[in-house]
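Notes follow once the structure below has been shown.
Read the numbers this way: they start at 1 and go in the same order the structure lists the ligands and their atoms.
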Amino acid sequence: MMDEQSELETLREIYYLTDDASCNWRKLLVLGDCLDQQLKRKLLWMWPTSVDLDYFNQLLAMHDIQRVLSIGCGSGLLEWLMTVSGGRKVPMFGLEVDRNWWQSKYSVRSFIPLNYLEDASQLDTDLLTKCCSDVHPCALLFCYFNNRGAFLDYLNVYQGKWLILIGPLPALGIHTDPNPAQPQLPIDQWILRERLNWTDHNIVAFYEKIA
Ligand SMILES: C[S@@+](CC[C@H](N)C(=O)[O-])C[C@H]1O[C@@H](n2cnc3c(N)ncnc32)[C@H](O)[C@@H]1O
């Protein structure tokens with residue numbers, strides 16, 4: 001485990017690499033490879049490779065997905081990597097619960113524009129649009145999400161047609177809900193269109209709404 005001082009220095013380096021002036025995502029990926037596991041998880045649950053990001057961005061372009069809202073994005077570092085590695089063509093926005101934590105001095109910085117769900121009764125189609133600078137999201141992204149009830153609430157108010165689920169292969173023994181391979185979506189409404197095998201036995205699944 002890293003001591004507090006080394007963690008601060010590493011975070012400083014990450015903030016530097018992700019600021020607008022340097023925007024050095026390739027170097028960030030290299031740094032990610034040697035990070036302490038605890039800090040890694042604090043920043044994001046799965047570190048993609050540049051090849052993973054490239055395939056992902058190709059699918060966004062192929063399906064004309066122009067704006068993504070990531071639900072439970074945490075720090076948003078994964079989404080930052082996605083957008084900058086794709087030449088910032090597809091903006092990524094985030095939605096989290098627990099504003100107090102994300103704005104506290106203990107939490108890491110947010111790497112994408114972050115919105116908060118203050119209370120579940122607030123959740124409606126307009127809120128999802130507001131989260132994306134008042135333009136409706138083309139896709140909702142859930143990465144390592146683990147809250148079935150909340151997931152279904154989001155699906156109920158979402159009016160777009162793409163759903164992107166990222167998580168571990170079921171055999172890995174890490175529980176997420178939804179799991180991208182077995183999300184238990186209403187089968188007459190959603191169809192699996194794309195599936196990417198990412199590094200470390202993670203998968204990315206693109207589902208399209210057909211009804
Ligand atoms: C395991 S973390 C994954 C974080 C990030 N997506 C990643 O891959 O690193 C799950 C996140 O979902 C958030 N979350 C849980 N319930 C939520 C809800 N109802 N709406 C939005 N976010 C939620 C948690 O605060 C947490 O940050």
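- Taking a 6.0 Å sphere around OH of Y116, one finds it holds more than 12 heavy atoms contributed by other residues, nucleotides or ligands.
- Atom 11 (C) of ligand 1 has its nearest heavy-atom neighbour, among A120, G149, G72, in G72.
- Aromatic ring orientation, W101 versus Y106: parallel (interplanar angle below 30°, classes split at 30° and 60°).
- Ranking protein heavy atoms by distance to atom 23 (C) of ligand 1, first place goes to F145 CE1, 3.5 Å.
- Only the side chain of A150 comes within contact range of ligand 1, with a heavy atom under 4.0 Å; no backbone atom does.
- Listed by chain and residue number, R67 satisfy the side-chain contact (heavy atoms from CB on, under 4.5 Å) test with V135 (two or more places apart in sequence, or in another chain).
- Between I65 and V68, the shortest heavy-atom contact is CG2-CG2, 3.9 Å.
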What pairs of donor and acceptor atoms, side-chain ones from residues 177-184 against any protein atom, are under 3.5 angstrom apart with sequence neighbours left out?
| residue | atom | partner | partner atom | Å |
| --- | --- | --- | --- | --- |
| D177 | OD1 | R148 | NH1 | 3.0 |
| N179 | OD1 | A181 | N | 2.8 |
| N179 | ND2 | P168 | O | 3.0 |

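- Taking the six-membered ring for Trp and thresholds of 30 and 60 degrees, W190 and Y158 have nearly parallel ring planes, at less than 30 degrees apart.
- The pair D20-R88 meets the salt-bridge criterion, since a charged nitrogen lies less than 4.0 angstrom from a carboxylate oxygen.
- Contacts of C73 with ligand 1, taken as heavy-atom pairs under 4.0 Å, involve the backbone alone.
- For the pair Y154 and ligand 1, a heavy-atom separation below 4.0 Å is found.
- Checked against a 3.5 angstrom limit, the closest N/O atoms of C143 and ligand 1 fall inside it.
- Scanning the protein for heavy atoms near atom 18 (C) of ligand 1, the closest one is V97 CG1, 3.6 Å.
- For ligand 1, the atoms sitting less than 4.0 Å from at least one non-hydrogen atom of N147 are 16 (N), numbered in the order shown with element in parentheses.
- Counting atoms of ligand 1 from 1 in the listed order, those under 4.0 Å from a heavy atom of L44 are 9 (O).
- Among all non-hydrogen protein atoms, the one lying nearest atom 25 (O) of ligand 1 is E96 OE1, 2.7 Å.
- Heavy atoms from other residues, nucleotides or ligands lying under 6.0 Å from OH of Y15 number more than 12.
- The protein heavy atom nearest to atom 1 (C) of ligand 1 is Y144 O, 3.2 Å.
- At least one N or O atom of W45, backbone or side chain, sits closer than 3.5 Å to an N or O atom of ligand 1.
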